[in-house]
K.L.:
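Mind having a look at this structure? Questions to follow.
What you are looking at is a predicted structure, and each value in this text was computed from that prediction instead of being measured. First listed ligand is number 1; within each ligand, the first listed atom is number 1.
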Amino acid sequence: LAYVFIAHDLAAVRHISDRIAVMYLGKVVETGDEAQIYEHPTHPYTQALLSAVPVPDPDAPGWTEQIRLEGEPPSPLDPPSGCRFRTRCWKARDICAEQVPALEERDGSAHPSACHFAAETALTDLTEQT
Ligand code: SF4
């Protein structure tokens, strides 16, 4: 028996899911198990979503500032070139407008991410917005 649970509340998703897929503008941008997604997110959109989960104690270890995405989501009928998240991503570079990032494993850990820079991204990047 398997369930597909679709939600915006990542706190609820964490408690009932074995495998998690994060979607942006109709495409999966990152998948992984609970630890991979919540403790080592490699896609900036996943990081932004996780930073928006309310925490009861801002002094708790691992707490991070909320990432506030600029602008509105583009239309899925007319998505941006390259990476669909690039118009709201604080890490976007020239290649992001030129090439669609493949959803692929970067380190052989069954944790695929559709970001050109997933291999160099870590949870500690959450507060490094530019
Ligand atoms: S590919 Fe570029 S725009 Fe897309 S999430 Fe990664 S850094 Fe951001």
Side-chain angles (χ1 to χ4, degrees):
L1 179 64
Y3 288 98
V4 176
F5 179 73
I6 302 172
H8 287 99
D9 183 347
L10 288 185
V13 169
R14 182 172 200 170
H15 290 289
I16 66 169
S17 303
D18 296 320
R19 294 281 305 169
I20 299 163
V22 179
M23 296 186 73
Y24 180 76
L25 217 60
K27 288 217 167 186
V28 173
V29 297
E30 183 169 5
T31 69
D33 62 24
E34 179 257 343
Q36 289 168 328
I37 296 296
Y38 286 86
E39 295 171 20
H40 305 287
T42 59
H43 195 283
Y45 183 58
T46 307
Q47 294 180 338
L49 288 176
L50 290 173
S51 78
V53 175
V55 292
D57 180 8
D59 295 326
W63 182 85
T64 57
E65 295 284 343
Q66 182 175 356
I67 297 170
R68 297 187 186 282
L69 299 178
E70 302 289 331
E72 297 294 322
S75 168
L77 298 176
D78 185 23
S81 64
C83 176
R84 290 180 170 216
F85 187 55
R86 72 172 172 80
T87 55
R88 306 178 78 199
C89 181
W90 66 98
K91 295 185 164 202
R93 300 179 212 168
D94 290 345
I95 190 176
C96 303
E98 297 160 3
Q99 295 181 19
V100 177
L103 179 66
E104 61 185 15
E105 294 176 17
R106 316 279 165 167
D107 57 4
S109 64
H111 179 193
S113 179
C115 175
H116 292 302
F117 309 106
E120 61 190 63
T121 304
L123 188 60
T124 51
D125 293 339
L126 286 173
T127 57
E128 295 178 1
Q129 299 177 64
T130 57

K.L.:
Give a yes or no on whether Tyr45 and Phe117 share a hydrophobic cluster (residues Ile, Leu, Val, Met, Phe, Trp, Tyr; joining criterion: side-chain heavy atoms under 4.5 Å apart).
P.N.:
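Tyr45 does not cluster with Phe117.
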K.L.:
Under the ring pair (Phe, Tyr, Trp, His ring centres under 6.0 Å) rule, what pairs show up with a residue in residues 91-111, not counting sequence neighbours?
P.N.:
none
K.L.:
Under a single-linkage rule joining Ile, Leu, Val, Met, Phe, Trp and Tyr whose side-chain heavy atoms are separated by less than 4.5 Å, which residues share a cluster with Tyr3?
P.N.:
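Via sub-4.5 Å side-chain contacts, Tyr3 links to Leu1.
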K.L.:
Return all protein N, O or S atoms below 2.8 Å from atom 4 (Fe) of ligand 1, chain by chain in residue order.
P.N.:
Cys83 SG
K.L.:
Quick one: side chains of residues 14-23, donor-acceptor pairs under 3.5 Å with protein atoms, not counting sequence neighbours, listed by atom name and distance.
P.N.:
{"from": "Arg14", "atom 1": "NE", "to": "Glu34", "atom 2": "OE2", "distance (Å)": "2.4"}
{"from": "Arg14", "atom 1": "NH2", "to": "Glu34", "atom 2": "OE2", "distance (Å)": "2.8"}
{"from": "Ser17", "atom 1": "OG", "to": "Val13", "atom 2": "O", "distance (Å)": "2.8"}

K.L.:
More than 12 foreign heavy atoms under 6.0 Å from CG of Asp9: is that the case here?
P.N.:
yes
K.L.:
At what distance, to the nearest 0.5 angstrom, does NE2 of His43 lie from CD1 of Ile37?
P.N.:
10.5 Å
